[in-house]
2 protein chains.
Amino acid sequence: MIKSNIKRLLQYRLCLTKFKELGYSRIFSYNLGNEAGVSPEQVRKDFSIHGITGNKKAGYEIESLLIILNQIFRMDEIHNVILVGMGHIGTALANYNNHFIGQNVYLVAGFDMDPAKQNKKTGIPVFPLDKLSELIEGFQVSTAIITVPPVSAQEVCNNLIDKGIKGILNFAPIVLKAPKNIIVNNINLSTEIEAIVYYLNQQK
Amino acid sequence: MIKSNIKRLLQYRLCLTKFKELGYSRIFSYNLGNEAGVSPEQVRKDFSIHGITGNKKAGYEIESLLIILNQIFRMDEIHNVILVGMGHIGTALANYNNHFIGQNVYLVAGFDMDPAKQNKKTGIPVFPLDKLSELIEGFQVSTAIITVPPVSAQEVCNNLIDKGIKGILNFAPIVLKAPKNIIVNNINLSTEIEAIVYYLNQQK
DNA sequence: CGGGTTTTGTGAAACTTTTCTCATTATAGT
DNA sequence: ACTATAATGAGAAAAGTTTCACAAAACCCG
């Protein structure tokens, strides 16, 4: 599971970019917290954990904050990502590509066992699965997105790990079994809706 | 933020369905934990919080567990959901519809300001935004999915709340501002990838 | 039918995360 | 230059979560 501290730092990064675009050069923990939906103390603690300091009375300088955050998240390097499963979700992600995948993260290739999908017009080139090794090595890919149906997800996962993938973003509604050194991040869209339904009913 | 306790219960529900399909009728906290990727103690604590009990030496009966979990998450009632923004992600979700949206959760309508999107062949009918009130009331919808670009997300959010929506699953990469009684669940796909990149680099 | 084994349920302990509190200090205004 | 103000940084407290440890109960086997 991704630590919330890390998720918040990424959120701050997003907010800071927005503030920068609006022309601000400095920011207070209060304003950043407000924008990111957390308390100012939380912002300062999150920063202090990573050794980020500001100035009493003058807050934090946005530009240097962004530089530090980009270093923490290695956003100063290029990260090539591949995608396995060109179904609806996979295709949607492929079409978005540099649109919503953040700075310096690039979807370089998609994979699907269905030859028909390999010709489909998407934002990225689509290959058969036997090209996995070649492309993972060629593009130095260490992160993959799994958007295949749940029945084949574990098999695809094993295959990817075997080919050298170290981090996986999994959209298939199962818990992937993987060695501890592999980072697995599961997103289950049904679960996210069901959780909302739960909280709505709690309020009544 | 959704409590992890709740996410795990939903995960257990998924695993139990699988075990049921495989023909099992009883299960131990150890097996369920193993499948869901958590410790057996955690499984028992999660259950005990919600008053779910099993039998010493005989574990838990899958069928009754599923009934209780379905009650907790109100999956015995129908939940109609709408979707605003028929871009790539929105269309992908619409096409999946009853496929991956869990039991008794239905995507009943999509909305988009672009008339061209209103004719597009997707899994659900697509309407202009001025039909929001009508359909929210007609289908008794209280949950909405936002898949519009970030610039319009807050405006759409306000609009939805104004029309009676109480729970929002937001895919736009901003933190939505909403009253405390509104349940907002943010999914930022870039962030999920970036978090993986972070952890991969931590290992080195 | 009774002893041994296995598994639950839970209270306590350990750990993690968040909030509180306040001394410290940079800044702006007088 | 001095004072009042406003903001950080960090230690302490509080709250929340997970793991530990073990008594109690149910089942199995002899």
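The chains referred to below are lettered A, B, ... by the order of the sequence lines, with proteins before strands, and numbering in each begins at 1. Heavy-atom basis, side chains included; hydrogens, waters and symmetry copies ignored.
Ion pair A:Lys7/B:Glu192 flagged as a salt bridge, since at least one NZ, NE, NH1 or NH2 atom sits closer than 4.0 Å to an Asp/Glu carboxylate oxygen.
Among the heavy atoms of the strands lying under 4.0 Å from A:Tyr60 are primed sugar atoms or P, OP1, OP2 only; no base atom is included. At a threshold of 4.0 angstrom between heavy atoms, the contacts of A:Arg26 with the nucleic acid are absent. Nucleic acid contact class of B:Phe47 (heavy atoms, under 4.0 Å, all strands): none.
Residue A:Arg8 has no polar side-chain atom (N or O) positioned under 4.0 Å from OP1 or OP2 of C:dT17. Between B:Ser48 and the phosphate of C:dG9, there is no side-chain N or O to OP1/OP2 separation shorter than 4.0 Å.
The CG atom of B:Leu32 sits 14 Å away from the C1' atom of C:dT8 (whole-angstrom rounding). Here C:dT16 presents its P atom at 16 Å from CG of A:Asp46, a figure rounded to the nearest Å. For the pair A:Glu41 CD and C:dT19 P, the computed distance is 8 Å after rounding to whole Å. Between the NZ atom of B:Lys45 and the C1' atom of C:dA14 there is a distance of 12 Å, given to the nearest Å. One can place CD of B:Glu61 at 17 Å from P of C:dT7, the figure rounded to the nearest angstrom. Protein atom CE of A:Met1 is 12 Å distant from nucleotide atom P of C:dT17, rounded to whole Å.
Screening residues 74-93 of chain B for ring pair (Phe, Tyr, Trp, His ring centres under 6.0 Å) gives A:Tyr96-B:His88 as the qualifying pairs, with residues at least two apart or on separate chains. The stretch residues 170-204 of chain B participates, sequence neighbours left out, in these ring pair (Phe, Tyr, Trp, His ring centres under 6.0 Å) pairs: A:Phe73-B:Tyr198.
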Under 3.5 Å donor-acceptor pairs involving side-chain atoms of residues 132-142 of chain B, not counting sequence neighbours:
none

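Toward the 5′ end of DNA chain C lies the nearest nucleotide of B:Phe28, the other residue of the pair A:Gln42 and B:Phe28 mapping further downstream. In terms of position on DNA chain C, the residue among B:Ser29 and A:Ser4 whose nearest nucleotide sits closer to the 5' end is B:Ser29.
In this structure, A:Lys56 has no side chain to side chain donor-acceptor pair (under 3.5 Å) partners at least two apart in sequence or on a different chain. With sequence neighbours left out, B:Phe28 forms a ring-ring contact (aromatic ring centres under 6.0 Å, His included) with no residue at all.
Considering only the side chain of A:Arg44, C:dT21 comes nearest among C:dT6, C:dT27, C:dT21.
Once you apply a 4.0 Å limit to the heavy atoms of chain A, the touched nucleotides of DNA chain D run 5' to 3' over D:dT5 to D:dA12.
B:Phe111 pairs with exactly one of B:Lys117, B:Met86, B:Lys131 by the side chain to side chain contact (heavy atoms under 4.5 Å, CB included) rule, that one being B:Lys131.
A donor-acceptor contact under 3.5 angstrom links the side-chain atoms of B:Lys56 to the base of C:dT8.
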